[in-house]
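Only one structure is covered here, and it is reproduced in the block below.
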Amino acid sequence: MKEHDNATQNQEKGLLCSTYSRYPLEIARGRGSKLYDPQGVEYTDLLAGIAVCGLGHCHPEISAVIKEQSDTLVHCSNLFYQRPQLDLAKALTGSCSLDRVFFCNSGAEANEAALKIARRYMQTIRGLKAHEIVSLEGSFHGRTLATLTLTGQDKVKEGYAPLPPGFKTVPFADIEAVEAALGDKTAAVLVEIIQGEGGVRCLPREFLHELQDLCRSRGCLFMVDEVQTGLGRTGKLWAHQHFDLRPDVLTTAKGLANGLPLGAMLVTEEVGQAFGPGSHATTFGGGPLVCAVGTRVLEIIERDGLCRRAAEIGKETQKGLQELKARFPGKIREVRGKGLMQGIELTFPAKGVWQGLLEKGFICNVVQDRILRILPPLIISREEMTDFIDSLEDVLYRQ
Ligand SMILES: Cc1ncc(COP(=O)(O)O)c(C=O)c1O
C-alpha cells in the first residue's frame with residue numbers, strides 16, 4: 001500500500017454523515033477482480049463491493065448493455081408496461097420455484113416487501129391477525145426501521161428506540177427456540193441460509209428442513225433472505241437450492257445488477273395474491289436500465305458456468321485455508337462457508353491481519369471482530385486465490 005494523497009479523505013469530513021468506517025484507501029477504477037487507487041496501485045478485490053460485483057468490475061458485456069439501454073430508455077414509471085422488467089421477472093422465476101416478483105432497489109427494501117406481504121397475506125388472504133416475524137440471532141436484514149428491528153444484532157439498533165413491535169429474534173439454529181416462539185400471531189420466519197454479516201455462519205441442513213416443516217405445519221411463511229448468498233455466490237444460483245428447500249418468499253439484491261441498485265422479492269403464486277394495485281410500490285424499483293442489466297447478469301452466470309466455478313474454486317480455497325489452519329492452530333479457530341463466501345475466524349481481533357493483507361494488495365473485510373470474510377467476484381482466478389492464501393500465511397507468521 002502506498003502513501004496516499006488524502007485530499008478526498010479530508011474534504012469529505014464535515015460534508016457527509018459519517019456513517020461508515022472507511023478503509024484508508026480511495027478507489028478510482030476497477031476492472032475484473034482488480035481495483036486501482038488514483039495513483040494506479042492495484043488491489044485484488046476479494047470483497048466485490050460486499051457480494052455485489054459478482055461478474056467483476058466493469059464487465060464489458062455489462063458496460064455494453066448499460067450503454068445500449070441508456071440510449072433506449074433509462075426510466076419509466078411503474079405505471080407503464082415495459083419489456084426489460086418482464087424479461088428479468090421471467091429469468092428470476094425460471095431460476096427457482098417461485099412464481100411472482102416485486103422489484104425494488106436494495107436488500108433492505110426487498111426484505112421490507114417480504115415483511116409487508118407476509119402480514120398482508122395473513123390478514124387479507126387467510127383472514128388471520130398473524131403479523132409477527134421471527135428471525136435468528138446474528139442475522140442481518142437491513143437498515144430500515146423494520147429490517148433493523150428484525151436483524152438479530154443489537155449494535156444496529158442502538159439509539160433507535162422505540163422500535164416497531166411485531167418482531168421476535170431467537171437463538172441461532174435452535175429449532176426448539178423457534179418452535180417456542182411460533183404462535184397464533186406468527187406470520188413468517190425469515191432466515192439467511194448462511195449469515196453473512198453475522199460471521200459467515202451456515203445453518204445446518206437438518207435445521208433448515210425442520211424449520212421449513214415447522215413453518216408448514218404451523219401455517220406461517222418460510223422466507224429466505226438471499227441478499228448476500230444469492231446469484232451464484234455459494235456455488236448454486238440460490239443457496240437454498242443446496243438443500244432442496246422450497247421457500248414461500250425469497251429476497252435478493254446485491255449481485256443482481258452487478259453494481260447498479262436493484263432488489264427483488266420473489267413469492268409463490270399463493271402469497272403473491274396478497275399484493276394488488278396500490279398495496280405496495282416504488283418509483284425506481286425495476287426500471288428498464290437496471291432490469292436489462294439484471295437479465296444480462298443471469299445470462300452470463302448461466303452461460304459461463306459461474307455457479308460451478310464458484311463451487312470449485314470455493315472448495316479449493318477452503319481446502320487451502322484448512323491447511324493454513326492446521327499450520328496455525330493457535331491463530332485460526334475455524335474456516336467455514338460455501339463457494340465464494342468464506343469466513344476465517346481467528347482467535348484474536350482480525351484488524352491487524354486485514355491491514356497486513358491490504359498492504360499486500362488484497363481487499364477483504366472483518367465481521368464480528370475476529371472473522372475475515374471473503375466474497376470475491378465469481379470470475380476470480382485460481383492463481384489469485386492461491387496468492388491470497390500465500391499472503392495470508394505470510395501475514396499470520398508476523399502476527
Ligand atoms: C443478508 C442481507 N440482507 C439484507 C441486506 C441489506 O441490503 P442493502 O444494504 O442492499 O439494503 C444485507 C446487506 O449487507 C444482507 O447481507
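Atoms within each ligand, like the ligands themselves, are counted from 1 in listed order.
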* Return yes or no for this condition: an N or O of A253 is under 3.5 Å from an N or O of ligand 1. =>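 In this structure, A253 places no N or O atom under 3.5 Å from an N or O of ligand 1.
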
* **Check: V227 N/O within less than 3.5 Å of ligand 1 N/O** =>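 By distance alone, the answer is no.
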
* Sub-6.0 Å ring centroid separation between F243 and H209 ->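 For F243 and H209, the ring centres are not under 6.0 Å apart.
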
* Would Y121 and F275 count as a close aromatic pair, with their ring centres under 6.0 Å? ->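 Distance test on ring centres: not under 6.0 Å, no.
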
* Asked: Once you round to the nearest 0.5 Å, how far does CD of Q342 lie from OG1 of T234?
  ->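 Result: 10.5 Å between the selected atoms.
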
* Please lay out, stage by stage, how D248 and R216 fare under the test salt bridge (Lys or Arg N to Asp or Glu O under 4.0 Å). => CA-CA 10 Å; D248 300 298; R216 299 276 193 265; 3.1 Å; yes

* Asked: Quick one: nearest non-hydrogen protein atom to atom 7 (O) of ligand 1, plus distance?
  ->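 Of every protein heavy atom, G107 CA, 3.3 Å lies nearest to atom 7 (O) of ligand 1.
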
* To do: Please write down residue, atom name and distance for the protein heavy atom closest to atom 2 (C) of ligand 1.
  =>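 Here the closest protein heavy atom is F140 O, 3.3 Å.
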
* **Heavy-atom protein contact below 4.0 Å for atom 9 (O) of ligand 1** =>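 When distances to the protein are checked, atom 9 (O) of ligand 1 has no heavy atom within 4.0 Å.
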
* Is the NZ or CZ atom of R29 positioned over Y43's six-membered ring, under 6.0 angstrom from the centre and within 45° of the axis? ->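 Pair R29/Y43 does not count as cation-pi.
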
Would you name the heavy atoms of [X] and [Y] that are closest together and state the gap between them?
| X | Y | value |
| --- | --- | --- |
| I133 | A118 | CD1-CB, 4.0 Å |
| G294 | L262 | CA-CD2, 4.5 Å |
| A187 | C220 | O-CB, 3.4 Å |
| R233 | L375 | NH1-C, 3.1 Å |

* Asked: Of the choices E192, K254, H141, which has the non-hydrogen atom that lies closest to atom 4 (C) of ligand 1?
  ->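 It is H141 whose heavy atom sits nearest to atom 4 (C) of ligand 1.
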
* To do: Determine, considering heavy atoms only, which of L262, D225, T151 sits nearest to atom 3 (N) of ligand 1.
  =>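 Result: the heavy atom closest to atom 3 (N) of ligand 1 is in D225.
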
Numbered atoms and elements of ligand 1 in range of [X], under 4.0 angstrom, heavy atoms:
| X | result |
| --- | --- |
| A108 | 6 (C), 7 (O), 8 (P), 11 (O) |
| Q228 | 16 (O) |
| S106 | 10 (O), 11 (O) |
| E197 | 14 (O) |

* Using a 4.0 Å heavy-atom cut-off, say whether N111 meets ligand 1 through its side chain, its backbone, both or neither. =>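 For N111, only side-chain atoms sit under 4.0 Å from ligand 1.
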
* Work out whether the distance between some heavy atom of E109 and some atom of ligand 1 is less than 4.0 Å. =>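 The answer is no: ligand 1 sits nowhere under 4.0 Å from a heavy atom of E109.
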
